[in-house]
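One structure is given here, and the rest of the page talks about it.
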Amino acid sequence: MSIAITSIGAKVSFGFETVKGTRPTTGFTKLPEIKEIPEMNPTPDTIETTSLDNLEYKTYVDGLKDLGGALSFTANFTQELYDLYNTPSTGLIAKYNEAKEDGLAMWLCIEIVGLEDACYLQVTPSKLGLPAASVNTVMEVALYFTPAGEPVWAAKPTAA
């Protein structure tokens, strides 16, 4: 009998290529206070292949999958997260811009406790905006990452 996997202990981190076109396997930085990870298991488009000799049913082949543009990861809005994004020269956005100038990509890594592999996705980050606020609530912010490739399952990263 298999054991169900929970979201407890899940971790989202980011890292940058050191060699163009090669996904990093070390040097990932954890994104703090992540509360929600978007689904990355879209239904594939279907392409109709019905020919004139089909008598009763249409036929199809799988098409492309669409992650739907920018993916939204929900996090508690904290000073730590704000600094991680915005610190000049060392923040996520500054590091992304530096890597981009060198032709290197940014990757997200999603690790789930109970799975041997992690899910990796090459992304482009959006700058951090001001989240909504209401009375007597924890402030949460959406972290947007636009996919620049498809999700890849591979061994979890090693410590730096």
Side-chain angles (χ1 to χ4, degrees), residues 1-47 60-87 89-129 131 138-160:
M1 179 176 190
S2 63
I3 298 173
I5 294 174
T6 71
S7 60
I8 297 169
K11 180 171 83 170
V12 179
S13 55
F14 66 93
F16 296 93
E17 294 176 345
T18 55
V19 175
K20 184 177 180 177
T22 303
R23 177 183 49 80
T25 58
T26 188
F28 282 84
T29 302
K30 182 179 180 237
L31 287 167
E33 302 283 333
I34 296 294
K35 296 178 76 171
E36 186 174 321
I37 299 168
E39 182 172 356
M40 288 179 262
N41 187 33
T43 303
D45 285 339
T46 52
I47 302 168
Y60 299 87
V61 295
D62 283 345
L64 298 174
K65 293 181 178 183
D66 184 0
L67 290 174
L71 300 172
S72 175
F73 291 72
T74 304
N76 287 327
F77 190 52
T78 64
Q79 186 67 50
E80 178 186 10
L81 179 64
Y82 178 85
D83 291 344
L84 181 67
Y85 258 76
N86 295 315
T87 300
S89 76
T90 61
L92 182 152
I93 297 299
K95 286 181 180 178
Y96 169 76
N97 289 331
E98 182 181 322
K100 184 178 174 185
E101 285 178 14
D102 293 334
L104 303 172
M106 177 178 170
W107 289 78
L108 287 183
C109 175
I110 299 142
E111 296 178 66
I112 308 295
V113 175
L115 289 181
E116 291 179 11
D117 289 338
C119 184
Y120 296 89
L121 183 65
Q122 186 180 337
V123 296
T124 300
S126 293
K127 291 181 180 178
L128 194 60
V138 171
M139 289 190 73
E140 298 176 340
V141 65
L143 309 177
Y144 292 105
F145 298 96
T146 302
E150 58 189 50
V152 175
W153 287 94
K156 291 181 180 181
T158 57

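Basis for what follows: all heavy atoms, side chains included, without hydrogens, waters or symmetry-related copies. It should be emphasised that the depicted structure is a prediction, and the values quoted were computed from it without experimental measurement.
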### Query
How about V141 and Y85: do any of their side-chain heavy atoms sit closer than 4.5 Å?
no
### Minimum heavy-atom distance between Y120 and A154, given as atom pair plus value
CE1-O, 3.8 Å
### Task
For E140, check salt bridge (Lys or Arg N to Asp or Glu O under 4.0 Å) against everything at least two apart and list the hits.
K35
### Task
Decide yes or no for T18 and P24: does some side-chain heavy atom of the first lie under 4.5 Å from some side-chain heavy atom of the second?
no
### Message
Could you measure the distance from the OG atom of S13 to the CZ atom of F28? Nearest 0.5 Å is fine.
### Response
5.5 Å
### Query
Residues two or more places apart in sequence or in another chain: which of them pass side-chain contact (heavy atoms from CB on, under 4.5 Å) with K11?
K30, E111
### Query
Do the side chains of M40 and L121 get nearer than 4.5 Å, heavy atoms only?
yes
### Query
Passes side-chain contact (heavy atoms from CB on, under 4.5 Å), L128 versus L92? Steps please.
CA-CA 10 Å; L128 194 60; L92 182 152; over 6 Å; no
### Query
Between F145 and V12, is a side-chain contact (heavy atoms from CB on, under 4.5 Å) present by the stated rule, with each step listed?
CA-CA 12 Å; F145 298 96; V12 179; over 6 Å; no
### Query
Which class fits the ring pair F77 and Y82: parallel under 30°, tilted 30 to 60°, perpendicular over 60°?
perpendicular
### Query
If you count the non-hydrogen atoms of other residues, nucleotides and ligands that lie under 6.0 Å from CZ in F73, is the total more than 12?
yes
### Message
Looking at T158, is its backbone amide N or carbonyl O close enough to the side chain of T26 to form a donor-acceptor pair, meaning the two atoms are under 3.5 Å apart?
### Response
yes
### Steps toward side-chain contact (heavy atoms from CB on, under 4.5 Å) verdict (L143, I34)
CA-CA 9 Å; L143 309 177; I34 296 294; 3.7 Å; yes
### Query
Under the salt bridge (Lys or Arg N to Asp or Glu O under 4.0 Å) test, which residues partner K65, sequence neighbours left out?
none
### Query
What distance separates E39 CD from L67 CG, expressed to the nearest 0.5 Å?
10.0 Å
### Heavy-atom closest pair, residues I112 and T6
CG2-O, 4.1 Å
### Task
Return the minimal non-hydrogen interatomic distance between F14 and L108, and the atom names on each side.
CB-CD2, 4.0 Å
### Summary
Taken in chain and number order and not counting sequence neighbours, the residues that satisfy side-chain contact (heavy atoms from CB on, under 4.5 Å) with Q122 are A105, W107, A148
### Task
Over all heavy atoms of both residues, which pair between C109 and A118 is shortest? Give the atoms and the distance, please.
SG-CB, 3.7 Å
#### Entry: Distance (rounded to the nearest 0.5 Å) between W153 CH2 and I110 CD1
8.0 Å
### Message
Once side-chain hydrogen bond (donor to acceptor under 3.5 Å, both in side chains) is applied, what residue pairs with a partner in residues 90-102 remain, sequence neighbours excluded?
### Response
none
### Nearest heavy-atom neighbours spanning P151 and C119
CB-SG, 3.8 Å
### Query
Can you tell me how far the OH atom of Y60 sits from the CD1 atom of I47, to the nearest 0.5 Å?
11.5 Å
### Query
L104 and V19: which non-hydrogen atoms are nearest, and at how many Å?
CD2-C, 3.9 Å
### Task
Start with the C-alpha distance between L31 and L84, add both sets of side-chain angles, then the distance that settles side-chain contact (heavy atoms from CB on, under 4.5 Å), and finish with yes or no.
CA-CA 8 Å; L31 287 167; L84 181 67; 3.8 Å; yes
### Query
Is there a side-chain contact between D66 and P42 (heavy atoms, below 4.5 Å)?
no
### Message
If I take atom NZ from residue K156 and atom CG from residue L115, how far apart are they, to the nearest 0.5 angstrom?
### Response
6.5 Å
### Task
With sequence neighbours left out, write down each residue that passes salt bridge (Lys or Arg N to Asp or Glu O under 4.0 Å) with E17, or none if nothing qualifies.
none
